[in-house]
There are 2 protein chains.
Amino acid sequence: MQTTTGSVTVLGVNPRAAAIANALAAWGHAITVWDETADDAAQALDAALIVVCVENYDALWPLLSRHEQRLAGHDIVNLTSGTEADARSAAARLTGRGARYLDGALMAHPEHVGDPHTVVVYSGSAEVFHRHESVLSALGSATYLGEDAATAALYDLAMLNFAWATLIGYLQSAALLGTDGVAAKTLTPLFTRWLRTTVAEVIEGYADQIDAGAYPGDGEWLELDYPLMDHLIRTTDARGLDSALPRVVEAVTAKGIAAGHGKDSFASLVRVLRR
Amino acid sequence: MQTTTGSVTVLGVNPRAAAIANALAAWGHAITVWDETADDAAQALDAALIVVCVENYDALWPLLSRHEQRLAGHDIVNLTSGTEADARSAAARLTGRGARYLDGALMAHPEHVGDPHTVVVYSGSAEVFHRHESVLSALGSATYLGEDAATAALYDLAMLNFAWATLIGYLQSAALLGTDGVAAKTLTPLFTRWLRTTVAEVIEGYADQIDAGAYPGDGEWLELDYPLMDHLIRTTDARGLDSALPRVVEAVTAKGIAAGHGKDSFASLVRVLRR
């Protein structure tokens, strides 16, 4: 096992780390997969880029304790899953030792690592990201989110929030149509088609509105939606279903109207969510 | 303006009705667009199929009062937007007069009528749906939801619920990442790609689970999600954002775990939503 200038060491022995090493090797990068028990640390850690992917932060801290002196001066990308606090602690500790630290979130099963459709986000050292962007692209599409090392972990949480909201919305709608005897297999192809086309396009339009801070209610506006929300809640209650989800949507919309967004699009609710 | 056996009369003078007439004519159907003020009712209503699409039910009732005797024995498809109660009343009234009644929901702007990707759902008379399915397919993909005339209107409401839940989830996630300075235009392509692939596929898997009434927690299960939901709420609160949405998701999940679904998938929450 040899390291060369321009080489990458993958630190971690688990299915994810193995998938990372395979994806990098497939792109022609010289890879050392470092198994601490067998190999020489000095040699393994003498790489242009050290990619860390261990089980969790409980496994990471003892590893760092043993080797952080050797990591000084190195470029480190940490793909270990954890919280924002974990990422900030690792960043503080390693940059304190003179390393350059980039945190990454790889929300994919091992079999999707290396697929160009796999999203991997990074935050922390812009220098590390830009120097190694072509190497990181071997793992999936690479997006840099900013200087705060914790942002990549926050992105994980934001993705989960988005998925849960969408999925509970789906379950609520399936329960509602189920009261009329419509099977999930009947309604679902219609729902997923709508999700992939219209809903995804509406979201793309909302992104522009959010960044511009202007929410033109050309096609839909809060005062148009509000009575329909009320009708949804009454129907949901009348059919004996839990109405907590539609009630939250209505309550946030009511706040939006009270804040003067009655003629603005649904995207204006981002202002209410920010309080 | 002539009607022939096998012809279709479109009853309504508005952009949607015009789009319906155009889409049917483009497929080679003989169409009468009936403008009450100009044409002979007896002739216009002597069609194999009468498609009604007026502004709303306030406009529909007076029209029916004048002509419902002539509608006896006819096949009627009503694409007027309204509530389930509206659809049930129209069905009761027209079937009481000896007509066959099919209600439809056409959730599309006029320019998308006739596009094969446009979803149009129908409920009510199965006989009318099956006899005219090829005609109705000219308006978009046609799906029959069952004998209850109100189900098509309920579907509208269920689609709105699904869209609102997804969109408010997106806004919440955009607000969360915004606290770290991530622009909506940076995160949105990642979110919509995930929505169109992973999230849509998860929903397709949930459909099978809902219909089977079995929710295997092979890849994810409620007790795995729950601590992440708690972390999401704490992070959301710490960043000064409204946490009502993640709190509803957590509360429903807590009920699911209490009901014995801790090792089951997120789809098991449909049981909780049904109470």
Side-chain angles (χ1 to χ4, degrees), chain A residues 83 119 143 145-146 148 151 154-155 157-177 180-185 188 190-192 194-196 199-200 203-204 207 210-211 228 231-232 235 240-242 244-246 248-249 252 266 269-270 272-275, chain B residues 83 119 143 145-146 148 151 154-155 157-177 180-185 188 190-192 194-196 199-200 203-204 207 210-211 228 231-232 235 240-242 244-246 248-249 252 266 269-270 272-275:
Chain A
T83 66
V119 169
T143 300
L145 297 178
D148 186 341
T151 301
L154 189 67
Y155 175 87
L157 219 46
M159 291 278 272
L160 284 173
N161 170 72
F162 183 50
W164 287 328
T166 303
L167 295 174
I168 203 168
Y170 164 74
L171 296 176
Q172 180 92 40
S173 292
L176 186 59
L177 282 165
D180 264 10
V182 181
K185 71 168 186 290
T188 300
L190 310 180
F191 275 55
T192 52
W194 203 50
L195 191 69
R196 288 183 167 111
V199 177
I203 287 174
E204 284 154 0
I210 293 169
D211 286 343
L228 297 170
H231 178 50
L232 171 64
T235 304
L241 304 176
D242 188 301
L245 175 68
V248 163
V249 174
V252 174
F266 193 83
L269 296 180
V270 74
V272 175
L273 297 174
R274 286 188 201 129
R275 284 182 175 161
Chain B
T83 66
V119 169
T143 300
L145 297 178
D148 186 341
T151 301
L154 189 68
Y155 175 86
L157 219 45
M159 290 278 272
L160 284 172
N161 170 73
F162 182 51
W164 287 328
T166 303
L167 295 173
I168 203 167
Y170 163 74
L171 296 175
Q172 180 91 41
S173 292
L176 186 59
L177 282 166
D180 264 9
V182 181
K185 72 168 185 289
T188 300
L190 309 181
F191 274 55
T192 53
W194 203 51
L195 190 69
R196 287 183 168 111
V199 177
I203 287 174
E204 284 154 359
I210 293 169
D211 287 343
L228 297 170
H231 178 50
L232 171 64
T235 304
L241 304 177
D242 188 300
L245 175 68
V248 163
V249 173
V252 174
F266 193 84
L269 296 180
V270 74
V272 175
L273 296 174
R274 285 187 201 130
R275 286 187 174 157

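Throughout, protein chains are lettered first and strands after them, A, B, ... in sequence-line order, and every chain is numbered starting at 1. Every value quoted in this text rests on a predicted model; they were computed, and no experiment measured them. All values below come from the heavy atoms of this structure, side chains included, with hydrogens, waters and symmetry mates left out.
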Going by atom type alone, with no hydrogens or angles, which donor-acceptor pairs under 3.5 Å involve a side-chain atom of residues 164-175 of chain A and a protein atom two or more places apart or on another chain?
from	atom 1	to	atom 2	distance (Å)
Thr166(A)	OG1	Phe162(A)	O	2.9
Tyr170(A)	OH	Thr188(A)	OG1	2.8
Gln172(A)	NE2	Asp242(A)	O	2.8
Ser173(A)	OG	Gly169(A)	O	3.3
Ser173(A)	OG	Ala158(B)	O	2.6
Ser173(A)	OG	Asn161(B)	ND2	2.8

>> Do Asp180(A) and Leu145(B) have side chains that approach each other closer than 4.5 Å (heavy atoms only, starting at C-beta)?
In response: no

> Closest heavy-atom contact between Ala184(B) and Ala207(A)?
Replying inline: CB-O, 3.6 Å

> What distance separates Lys185(B) NZ from Asp211(A) CG, expressed to the nearest 0.5 Å?
Replying inline: 5.5 Å

> CG of Leu154(B) to CG of Leu176(A): how many Å apart, nearest 0.5 Å?
Replying inline: 4.0 Å

>> So, taking the atom named CZ in Arg275(A) and the one named CG in Leu241(B), what distance separates them when rounded to the nearest 0.5 Å?
In response: 8.0 Å

> If you count heavy-atom pairs under 4.5 Å with chain A, which of Val199(B), Val249(B), Ile203(B) comes out on top?
Replying inline: Ile203(B)

> Does a side-chain heavy-atom distance below 4.5 Å link Val182(B) with Tyr155(A)?
Replying inline: no

>> Looking at chain A, which one of Thr192(B), Leu273(B), Val248(B), Leu160(B) has the largest number of heavy-atom pairs inside 4.5 Å, strictly under?
In response: Leu273(B)

>> Need one label for Thr143(B): side chain, backbone, both or neither, based on atoms under 4.5 Å from any heavy atom in chain A.
In response: side chain

> Among Leu195(B), Val270(B), Leu228(B), which residue forms the greatest number of heavy-atom pairs with chain A at distances under 4.5 Å?
Replying inline: Leu195(B)

> Any idea which of Leu232(B), Asp148(B), Val119(B), Ile210(B) has the most non-hydrogen atom pairs under 4.5 angstrom with chain A?
Replying inline: Leu232(B)

> Can you name the nearest heavy-atom pair linking Met159(B) to Phe191(A), along with the distance?
Replying inline: SD-CE1, 3.7 Å

>> With chain B as the partner, which of Thr83(A), Leu269(A), Val272(A) has the greatest number of non-hydrogen pairs under 4.5 Å?
In response: Thr83(A)

